[in-house]
Amino acid sequence: MTTPAETHATAENGTWTRVCRHADLTAERGVAALVGRHQVAVFLTFDGGLYALGNRDPYSGAHVMSRGIVGTRNGEPCVASPMHKQVFSLVTGACVDDPAVVVPTYPIRVNDETVEVSVA
Amino acid sequence: MTSRPETGTRVVVVGFGPAAHRLIENLARRGFPGRITVFGEEPRPAYDRVALTSYLQGRSAEDLTCPVPDGVTLRLGRRVAGIDRVNRTVVTDAGQAEPYDVLVLATGSAPFVPPVPGRDLPGCFVYRTIDDLDAIREAAGRAGSGVVVGGGLLGLEAADALRGLGLGTHIVEMGDRLMPRQVDEGGGAVLRGHVEALGLTVHTGTGVRAIEPGPDGRAARLVTSQGGAIEAGVVVFSAGIRPRDELARHCGLDVGERGGIVVDAGMRTSDEHVYAVGECALAGGIVYGLAGPCFTQAEVAADRIMGGTASFEGADVSTRLKLLGVEVAQFGAMSGALDVTYLDPVAGVYKKLFVSDDAMTLLGGICVGDATPYDTLLPFVGKALPGSPSDLLFPGAGATIEVPDDAQVCSCNNVSKGRVRTAVAEAGLTDVQGVKDCTRAGTTCGSCVPMLRRILAESGVDVGRGLCEHFALSRAELFEIVLVRGITTFSRLVAEHGTGRGCDVCKPVVASILASLGNGHILDGEQAALQDTNDHFLANIQKNGTYSVVPRVPGGEITPDKLIVIGEVARDFGLYTKITGGQRIDLLGARVEQLPAVWARLVAAGFESGHAYGKALRTVKSCVGSTWCRYGVQDSAGLAVALELRYRGLRSPHKLKAAVSGCARECAEARSKDFGIIATERGWNLYVGGNGGFTPRHADLLVADLPADELVRVIDRFLMFYVRTADRLQRTSAWIEGLEGGLDHLRAVVLDDSLGICADLEAQMERHVASYVDEWRAAIEDPDKLRRFVSFVNAPGTPDPSIVFETERDQIRPVPVVLEGVRV
Ligand SMILES: Cc1cc2nc3c(=O)[nH]c(=O)nc-3n(C[C@H](O)[C@H](O)[C@H](O)COP(=O)(O)OP(=O)(O)OC[C@H]3O[C@@H](n4cnc5c(N)ncnc54)[C@H](O)[C@@H]3O)c2cc1C
Ligand code: SF4
């Protein structure tokens, strides 16, 4: 289990916020992280890609995107909202079937085994 | 013979292959009033020879077998040895005689084996029947490599089969390229590239001089016409076919110079009492070696026997197939005044169209590596081109081409686009299976299925390609692959049989298949990533992102102590409680991080997961039955508890509900369930295929008055057959309706074991029962599984601040969320 106190302690030190260890992530699943007031969904794809989206499902208003199924649509990494199964690109945050609906995306990186996101 | 047949008319059919089957099926369907007797040399009824190779990939002989219409007399394992046309009698090799009024020869063809020394050695085979395949499989077990003589369509199929059996495989082809009858030189080169990339060795321009034995007297090597040697313990001859016209020849019927029983347009031979259909017939000077024309011929002969006037006007011999993973197609003519070629040597794609000299009319085409032009352009053969030839060959072209109504889409069964469109509209068809059942299109080689999907889509029906973009296979097909190949991970399945990395459609399906086949806890290893959110958190997600908790209450029977525990847990965690229709109690409003604590309390009190979150057995509802009720005739509650405990945790294509009523008054509403049981004075009646919901349906009686132990066996079989063969999200009702033969077929399978799979189904259920563990107990005992039950990875105890409740009727309810700017 992550140690929330530690990861949270460095949150204000810069634009990058530590959210968890890389080892805490499971391939093709997401986790939710609380960054200030923002809820961020962090995903690790099969090929090792890392993505951060807003955790709020715009169709239901529930903060559940991190619990969706991760896969691909025409090769592009995607997550399906667990609520009503709309599919969103992990790269652009746009809903694949309704591109006008977009969830925010955030920069993400691994720094010394630690996953960091930037929610400016 | 042009009048309708009389009651006593005796039809004798010689040969029981696909053509004979189509003929008798047609006669039976049209109410042929006389007697039908079929002689088949093979020991089993007709089977789908086109799909023969799938037998080596795990399909059973029963599965391939065609259903035999009622009232037909079968004489299997008997070869007809002679025909006495004067006395209108056939005689078998055992000397048995059978008189006929109408004789139909459907003897098919035999593989041609070139007369080379050693061709009869043990280890030499042909590739035509299930028995051949059994023998090849057996021999492959002791050989390291194999060789196929003949690089045509069937030769490549046989080569792929040898490769699948683990042999190093060679192909010897006399011509200068593979599949010389379907592709030209350019296509042959591209095809060869694909085949070699798979590790097969191709020898074109090479004949066979001899097969030589090893010290054990079995075939050991093939000597080529050039004198080289190819080491091979298995030799398969696939050098063309010859019509089996020997019977006709001996009794003096006209046969063609190069073989084939001569028939007129009504499929009648030179004797008006004798017809010939299928690969043994020479119709219009052609022996057709494809199933489609054979079927048409059988239908024509059936019509004539029934007094009709149908005629066989020749047939399209276009082919589209996927061999060794390579799409190959040929349609229409194989030459023309002009041709246009598209070649992508890197991707291994070769496409060519033949057009008239004014470049206006399409004459034919060849495709290797990408068969889309076949799908889109076949209907235009002989018609005006729907675009410029080069545009039509470009990848992605075709999707927008408008196909005319009179165009033939299924050449095997001669079905036009208009016929499919009308059927879709009039019968309200919603899927490919419906189109198949209704029009027969797509039931033989299956190559027009993409076109059927397109027509459905054009008619406004929402259809996917297979399961989703990652698998062109149905759930049932995937189930068989997983079962037969022993696949235990999604990664392997998608790598070998799909593309990409899956999605919210295929992953839960694969998760369910793996779970049905007993691959451990659903949150173990890679399986966890496949689960839908409900399965992933072992609870049902609700509209505000909280979950509901439903402990199992088998049969709806619960002790006061346990009722109190549920009440206390709900109170302590502030949950909303409601009694469900399945006779249990739903606790709603649990946040994800609360679930382990809630369940720790429930498990400690002896509860287990109710699987309300899974596509799995939900509940077996019951009434109190004979124990309490003054009308009851059997102990319905006791049976319900036993059944629920037996089938708990069984993952299935959709949720499964059941109920048991103690007498015909039916207080448990058993007939609205997937399987419902109603007590009788003598035992139990079993009803199947009912459901409530969107389209309510009453279950149908499957079998009556069974004792409890037999009842359980039948339910075992029924459930496992459903789990194995239903589509994704197909309830039992739709599944039964979709079975060819419907409820009768289901009865034949689970009661009479018509497919010979009952022992398998029962064993599979036994494995399920033996391996059941409570998913929630296993989860709370495993720290690794518990890791996922946190609100935030960096603040695991902090509740999601967006989840807020208000109070209504003394319980919590979610505060409605405000949605801006989204169309829902
Ligand atoms: C491996 C393979 C793959 C194929 N793939 C395709 C494909 O993709 N597409 C396609 O269109 N076609 C395909 N075909 C061809 C297709 O299977 C045939 O066109 C079809 O089987 C012809 O049917 P038939 O009933 O005329 O003959 P057969 O299937 O040959 O049946 C004739 C039956 O009659 C029996 N018989 C013969 N003589 C006697 C006798 N004297 N007494 C009693 N019984 C007798 C034989 O044992 C046999 O069972 C394939 C064939 C094979 C072998
Ligand atoms: S179904 Fe029959 S046994 Fe059961 S409660 Fe109703 S009346 Fe009584």
Side-chain angles (χ1 to χ4, degrees), chain A residues 1-8 11 17-21 24-35 37 39-40 42 45-47 55-64 66-87 95 98 100-101 115, chain B residues 468-470 490-491 494 498-508 511 523 525-526 528-537 541-547 592-593 783-784 786-788 790-803 814-824:
Chain A
M1 186 88 317
T2 20
T3 45
E6 275 172 32
T7 48
H8 226 55
T17 304
R18 298 173 58 181
V19 295
C20 62
R21 288 174 303 152
D24 293 331
L25 299 177
T26 305
E28 301 196 302
R29 284 248 72 123
V31 296
L34 196 57
V35 181
R37 289 182 307 104
Q39 292 197 29
V40 180
V42 173
T45 55
F46 184 72
D47 55 11
N55 196 30
R56 184 175 182 273
D57 166 24
Y59 289 93
S60 65
H63 290 72
V64 294
S66 63
R67 301 179 215 157
I69 288 186
V70 177
T72 57
R73 278 288 176 91
N74 294 318
E76 175 146 329
C78 287
V79 62
S81 161
M83 205 60 81
H84 297 299
K85 316 289 169 180
Q86 291 89 356
V87 174
C95 177
D98 191 356
V101 179
V115 178
Chain B
C468 61
E469 68 172 66
H470 306 101
F490 178 82
S491 289
V494 77
T499 57
R501 278 302 302 175
C503 63
D504 57 305
V505 172
C506 58
K507 282 185 166 173
L523 299 181
E526 202 201 66
L530 307 177
Q531 309 294 343
D532 210 349
T533 197
N534 286 352
D535 283 298
H536 194 236
F537 293 100
I541 198 165
Q542 304 297 323
K543 63 188 298 176
N544 63 346
T546 62
Y547 288 87
V592 64
E593 70 275 17
D784 200 48
L786 286 180
R787 281 197 322 137
R788 74 200 74 231
V790 293
S791 51
F792 300 105
V793 66
N794 57 349
T798 307
D800 173 352
S802 72
I803 296 176
V815 172
V817 287
V818 185
L819 297 170
E820 316 98 7
V822 189
R823 285 163 282 141
V824 194

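Chain A is the first sequence line, chain B the second, and so forth, proteins listed ahead of strands; every chain is numbered from 1.
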Show the numbers, then the answer: is there a side-chain contact (heavy atoms from CB on, under 4.5 Å) between B:Asn794 and A:Arg18?
-> CA-CA 8 Å; B:Asn794 57 349; A:Arg18 298 173 58 181; over 6 Å; no
Side chain, backbone, both or neither: which part of B:Asp532 has a non-hydrogen atom closer than 4.5 Å to chain A?
-> both
Could you look at B:Pro801 and say if it's the side chain, the backbone, both or neither that has a heavy atom under 4.5 Å from chain A?
-> both
What heavy-atom pair brings B:Ala529 and A:Ala27 nearest, and what distance separates the two atoms?
-> CB-O, 3.6 Å
Passes side-chain contact (heavy atoms from CB on, under 4.5 Å), A:Leu34 versus B:Thr798? Steps please.
-> CA-CA 9 Å; A:Leu34 196 57; B:Thr798 307; 4.1 Å; yes
Going from OG on B:Ser802 to CD on A:Gln39, what distance comes out if it is rounded to the nearest 0.5 angstrom?
-> 5.0 Å
Proximity breakdown for A:Arg73 and chain B, heavy-atom pairs closer than 4.5 Å | both
Any side-chain heavy-atom pair of B:Cys503 and A:Val87 under 4.5 Å | no
Could you tell me whether a side-chain N or O of B:Arg501 sits under 3.5 Å from a main-chain N or O of A:Asp47, the two making a donor and an acceptor?
-> no
Per-residue contact mode, A:Asn74 against chain B (heavy atom under 4.5 angstrom) = both
Contacting region of B:Ile803 [heavy-atom separation from chain A under 4.5 Å] | neither
Please assess A:Val64 against B:Ile541 for the test side-chain contact (heavy atoms from CB on, under 4.5 Å), listing each intermediate value before the final yes or no.
-> CA-CA 10 Å; A:Val64 294; B:Ile541 198 165; 4.0 Å; yes
Part of B:Gln542 lying under 4.5 Å from any heavy atom of chain A = backbone
Which answer fits B:Val505, side chain, backbone, both or neither, if we ask what part of it has an atom under 4.5 Å from a heavy atom of chain A?
-> neither
For B:Gly545 and A:Ala62, work out which heavy atoms get closest and say how close.
-> N-CB, 4.0 Å
Step by step, work out the side-chain contact (heavy atoms from CB on, under 4.5 Å) result for A:Val31 and B:Arg787.
-> CA-CA 10 Å; A:Val31 296; B:Arg787 281 197 322 137; over 6 Å; no
Under 4.5 Å from a heavy atom of chain A, the part of B:Lys543 involved = backbone
Specify which of A:Ala33, A:Ser66, A:Gly75 makes the most heavy-atom pairs with chain B at under 4.5 Å.
-> A:Ala33
In this structure, CZ of B:Arg788 is separated from CZ of A:Arg29 (nearest 0.5 Å) by 7.5 Å
Contacts of B:Ser791 that satisfy side-chain hydrogen bond (donor to acceptor under 3.5 Å, both in side chains) - sequence neighbours left out = none
